[in-house]
**Q** 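Pasting in a structure now, in structure tokens, and then I'll have a few things to ask.
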2 protein chains.
Amino acid sequence: MPPFPDESSHHLKRLTDGLKRAGVKLTHQRLEVCRELAGVTDHPDVEAVFHGVRARVPTISLDTVYRALALLADLGLIGRVGALQGRMRFDPNMTPHHHFVCARCGAMHDFTSAAVDQIPIPDDAHAFGHVHAMQVEIRGLCRRCQFGQES
Amino acid sequence: MPPFPDESSHHLKRLTDGLKRAGVKLTHQRLEVCRELAGVTDHPDVEAVFHGVRARVPTISLDTVYRALALLADLGLIGRVGALQGRMRFDPNMTPHHHFVCARCGAMHDFTSAAVDQIPIPDDAHAFGHVHAMQVEIRGLCRRCQFGQES
DNA sequence: ATTTAATTAGTAAAGATTACTATCTAGGAA
DNA sequence: TTCCTAGATAGTAATCTTTACTAATTAAAT
């Protein structure tokens, strides 16, 4: 049984309700992907979700898991983390700064903030290991994507 | 000519000095990758750097650009941004929280911070578009990677 | 100039994600 | 309930990104 059945079922309800509200079909496969996500406390990749769901739905395809996760993320029911856009990118600017990232086109803009830089690193973070740096990421829609539809 | 020749040459010097200090060979190809990075103000992907350098070094291979960028990033002379590890991951936890990310193994841990959440979103960020959320990412080495060498 | 270990070009391989098509099914209507 | 249909899935292929490999080249120390 899951470690926190109440938490888990609460999360599951949140996800399935979200799918219903969106008016998409609540298929067996999507339900099991939601169940998998609800019973997890880390940040699984597609492979991990696929593996977990496959134990209960042996015929599910990887593509279905990809589409279910993309759907949930697009509906704002789960978050994307790690690789946002496909390719890795590099930042030649090594002076302290932060990023605005467009959730749609992936455009990144730098900004600085004395207020942010003054915040001490939370103690909780030190408990996880040795801290190198703290950086703020602001997600949103850039002006291009906010107005015109051009790529 | 570049928009800010002084800035640009300053960045170039920082990169090439870093390579010399690391004791690696300062090849023509690496120099041109540095030059490309120094003349840029955004966050280029490998393709963009490859394209830019190729205009001046038509025979350079994509692999060389990958390796030059990885070298610079490993030496801490440039930053990696966007896709850190290979695969995309998902976060079922939609309550406000922040992330500790291990630079080596990619492990992610959640933490909350009232201090961080109280910071107003910097005005500079609003100028770039419509803000959805602000999230802190702390990079470092997790306990596993800090001590043992196990994957 | 010679030597050597590091680096590169070119290509192949691996890995991750997306696309495609025939088949199937959730959910509404009869 | 049964029928119908738009939407979803399984299985696989294709695409895209990144890494690996090898023979040839080259920086830089001697």
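The shown structure was predicted, so the numbers you read here are calculated from the model rather than taken from an experiment. Letters go in sequence order (proteins before strands), and every chain restarts at 1.
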**Q** What is the distance, rounded to the nearest whole Å, between atom CG of B:Leu26 and atom P of C:dA6?
**A** 17 Å
**Q** Return the value, rounded to whole Å, for the distance between atom CG of B:Leu62 and atom P of C:dA13.
**A** 17 Å
**Q** I want to confirm an ordering. Mapping B:Val65 and B:Arg89 to their closest nucleotides on DNA chain C, which one lands closer to the 5' end?
**A** B:Val65
**Q** Could you tell me the separation between the CG atom of A:Asp63 and the P atom of D:dA14, rounded to a whole number of Å?
**A** 15 Å
**Q** Is it true that A:Arg30 and A:Glu32 have a side-chain N and a carboxylate O under 4.0 angstrom from each other?
**A** no
**Q** Using whole Å, report how far CZ of A:Arg54 lies from P of D:dG11.
**A** 8 Å
**Q** Roughly how many Å is it from CD1 in A:Ile60 to P in D:dA10, rounded to a whole number?
**A** 5 Å
**Q** With nearest nucleotides of DNA chain D determined for A:Thr27 and A:Met88 from heavy-atom distances, which residue corresponds to the more 5′ nucleotide?
**A** A:Thr27
**Q** Counting side-chain heavy atoms from C-beta on, which of D:dT26, D:dT18, D:dA10 comes nearest to A:Gln29?
**A** D:dA10
**Q** Between atom NE2 in A:His28 and atom P in D:dG7, what is the gap in whole Å?
**A** 23 Å
**Q** Please tell me which of the listed nucleotides, C:dA9, C:dT17, D:dA8, lies nearest to the side chain of A:Lys25?
**A** D:dA8
**Q** Could you go through the side chain to side chain contact (heavy atoms under 4.5 Å, CB included) check for B:Arg35 and B:Arg56 one step at a time?
**A** CA-CA 11 Å; B:Arg35 204 187 298 279; B:Arg56 280 167 282 137; 3.4 Å; yes
**Q** Going by the salt bridge (Lys or Arg N to Asp or Glu O under 4.0 Å) test, name the single residue among A:Arg67, A:Arg80, A:Arg104 that passes it with A:Asp74.
**A** A:Arg80
**Q** Got a sec, which hydrophobics cluster with B:Ile60, joining ILVMFWY side chains under 4.5 Å apart, including via others?
**A** A:Met88, A:Phe90, B:Leu15, B:Leu19, B:Val24, B:Leu26, B:Val33, B:Leu37, B:Val46, B:Val49, B:Phe50, B:Val53, B:Val57, B:Leu62, B:Val65, B:Tyr66, B:Leu69, B:Leu71, B:Leu72, B:Leu75, B:Leu77, B:Ile78
**Q** Hey, mind stepping through B:Asp110 and B:His98 against side-chain hydrogen bond (donor to acceptor under 3.5 Å, both in side chains) and telling me if it holds?
**A** CA-CA 6 Å; B:Asp110 292 354; B:His98 308 283; over 6 Å; no
**Q** Measure the angle between the two terminal helix axes of the helix from C:dA1-D:dT30 to C:dA30-D:dT1, five base pairs each, and quote it to 10°.
**A** 40°
**Q** I want to check one thing: is the phosphate of C:dA9, taken as OP1 and OP2, less than 4.0 Å away from some side-chain N or O of B:Thr64?
**A** yes
**Q** It should be established whether B:Tyr66 places a side-chain nitrogen or oxygen under 4.0 Å from OP1 or OP2 of nucleotide D:dT18.
**A** yes
**Q** Do the ring planes of A:His109 and B:Phe128 sit parallel (below 30°), tilted (30 to 60°) or perpendicular (above 60°)?
**A** parallel
**Q** Whole angstroms only, please: what is the CD-C1' distance between A:Glu32 and D:dA8?
**A** 16 Å
**Q** Can you see whether A:His99 engages A:Asp91 through a side-chain donor-acceptor pair at a distance of less than 3.5 angstrom?
**A** yes
**Q** A:Arg67 has an atom CZ; how far is it from atom P of D:dA10, in whole Å?
**A** 8 Å
**Q** Out of D:dA8, D:dT17, C:dT17, which has the shortest distance to the side chain of B:Arg87?
**A** C:dT17
